[in-house]
Colleague: 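Here's a structure for you.
In the text below, chain A, chain B and the rest are named by the order of the sequence lines, each starting its count at 1.
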Protein chains: 2
Amino acid sequence: MFRINRMTDYAVVLLVDMARKRTVRSAQQIAAETGVPLPTVSKIMKTLTRDGLVTSVRGAGGGYALGREPGVITVADMIQAVEGPIALTSCVEEAEEECGIESLCPMHGHWTQVNTAVRGALATVSLADMAADQPMFGVPAQ
Amino acid sequence: MFRINRMTDYAVVLLVDMARKRTVRSAQQIAAETGVPLPTVSKIMKTLTRDGLVTSVRGAGGGYALGREPGVITVADMIQAVEGPIALTSCVEEAEEECGIESLCPMHGHWTQVNTAVRGALATVSLADMAADQPMFGVPAQ
DNA sequence: GCATTACGGACTAATTCGGTCCCTTTTTAA
DNA sequence: TTAAAAAGGGACCGAATTAGTCCGTAATGC
Ligand code: SF4
Ligand code: SF4
């Protein structure tokens, strides 16, 4: 079951919500409207802020708003903000870990090709697409 | 760190190894040549056999061999064999789980688009590509 | 009959993930 | 000036998943 983790999914939900109501709103409001529990919203917003995907306003009356136009934020950006670099295995350049059998491994480097393809696919869909009212039937995904 | 899990990675390693030496070999031999621990090889082979990606021969002198031509096995196939259906979130059709906030969620259905794009990307690379001696520089991944 | 090898599943230790909580800092408004 | 509202940062814990091992059973060849 190849899947993104739940925090990332929620992050996208929150971003879509912000993309629709383009105004500064508190974490509490956003939590109430999306159904995501408040502490979780809070945690996710912190990480999204670090990457500049959302901007924050502190103090009473503050909150969060989208940091860039929805059209220029891709799904790849969102995933990377929450999960870190997209590195399918530990032998693609972006990964920081080391692989135990790397020396014997018969396909040193080939994963990079797959990794690039996947990242490319994730970059074809923007936040604006995700926030559209209707799923886009008939639009070729690749 | 968006990544496939280790078992899947190993599965691909084993398949690449089999794609190169096209003969029936025991799990023990394969383990020795790839560096993957024997019990793990054994476990992975079981699941790959279930999906027909490899064929098995029981009894003394038996072992495993590739079930189909390397050119027609895609990375998507390999991942699905080990991890089950590719379902980035629990609201794409292939997923069997249910999502708690599905009713409130503002992007019901949009993930399917992303999911399709990713699966498409994973299907562009075949086992033959992974088993090639040199990484394919200069070949556009998408 | 015996050695070899796959098959199926149970089991456990380790790791990661999801989620909560608390305290600090900033800002607004009474 | 004070109090309330909100984000920021990080520690923390229970739950779930994963990685890896092990065992007994079934099939096959010598
Ligand atoms: S070196 Fe081989 S086994 Fe290690 S991460 Fe890369 S592909 Fe996987
Ligand atoms: S319904 Fe919404 S929150 Fe649930 S899995 Fe789908 S996108 Fe994620």
Colleague: Could you list all the side chain to side chain donor-acceptor pair (under 3.5 Å) pairs where at least one residue sits in residues 36-51 of chain B, not counting sequence neighbours?
Modeller: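 Sorted pair list comes back empty.
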Colleague: Rounded to whole Å, how long is the line connecting atom OH of B/Y64 with atom P of D/dA27?
Modeller: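 Distance, rounded to whole Å: 15 Å.
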Colleague: Hey, what else clusters with A/V57 if you join Ile, Leu, Val, Met, Phe, Trp, Tyr whenever side-chain heavy atoms sit under 4.5 Å?
Modeller: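 When side chains under 4.5 Å apart are linked, the cluster holding A/V57 also contains A/V24.
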Colleague: At under 4.0 Å, does any side-chain N or O of A/S56 touch on OP1 or OP2 of D/dG8?
Modeller: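 Yes.
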Colleague: With sequence neighbours left out, what residues match A/S26 under side chain to side chain donor-acceptor pair (under 3.5 Å)?
Modeller: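 Counting only residues at least two positions away or on another chain, A/S26 forms no side chain to side chain donor-acceptor pair (under 3.5 Å).
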Colleague: Among all residues two or more places apart in sequence or in another chain, which pass the side chain to side chain donor-acceptor pair (under 3.5 Å) test with A/D77?
Modeller: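 Residues passing side chain to side chain donor-acceptor pair (under 3.5 Å) with A/D77: A/T74.
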Colleague: With sequence neighbours excluded, give me every side chain to side chain donor-acceptor pair (under 3.5 Å) pair touching residues 56-65 of chain A.
Modeller: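 Qualifying pairs, neighbours excluded: none.
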Colleague: Using atom CD1 of B/I44 as one end and atom P of D/dT18 as the other, report the distance to the nearest whole Å.
Modeller: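 Whole-Å distance recorded here is 14 Å.
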Colleague: What is the separation between atom CZ on A/F2 and atom C1' on D/dT18, rounded to the nearest whole Å?
Modeller: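 Interatomic distance, CZ of A/F2 to C1' of D/dT18: 16 Å.
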Colleague: Tell me who clusters with B/L38, hydrophobic residues only, linked when side chains sit under 4.5 Å apart either directly or through other members.
Modeller: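 Hydrophobic cluster check, B/L38: no partners found.
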Colleague: Enumerate the residue pairs fulfilling side chain to side chain donor-acceptor pair (under 3.5 Å) with a member in residues 11-23 of chain B, sequence neighbours excluded, ordered by first and then second residue.
Modeller: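 Sorted pair list: B/D17-B/K21, B/D17-B/R25, B/K21-B/E33, B/R22-B/E69.
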Colleague: For nucleotides 17-28 of chain C, give me one character per nucleotide, 5' to 3': B if any protein heavy atom sits under 4.0 Å from the base, S if the only such contacts are to the sugar-phosphate, - if neither.
Modeller: -SBB----BBBS
Colleague: Please report the interatomic distance OG1(A/T89) to CG(A/N115), rounded to the nearest 0.5 Å.
Modeller: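 Answer for the OG1-CG pair, A/T89 versus A/N115, is 7.0 Å.
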Colleague: Kindly state which residues belonging to residues 20-30 of chain B come within less than 4.0 angstrom of DNA chain C, counting heavy atoms of the residue only, listed by number.
Modeller: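 The answer is B/S26, B/A27, B/Q28.
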Colleague: Just jot down the ring-ring contact (aromatic ring centres under 6.0 Å, His included) partners of A/F2, sequence neighbours excluded, or say none.
Modeller: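 Testing A/F2 for ring-ring contact (aromatic ring centres under 6.0 Å, His included), a comparison that skips the adjacent residues, returns B/F2.
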Colleague: Pairs in or reaching into residues 104-120 of chain A: which pass salt bridge (charged side-chain N to carboxylate O under 4.0 Å, His left out), with residues at least two apart or in two chains?
Modeller: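 Sorted pair list: A/E94-A/R119.
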Colleague: To the nearest 10°, give me the bend of the helix from C/dG1-D/dC30 to C/dA30-D/dT1, comparing the axes of its five terminal pairs at either end.
Modeller: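 Terminal axis comparison yields 10°.
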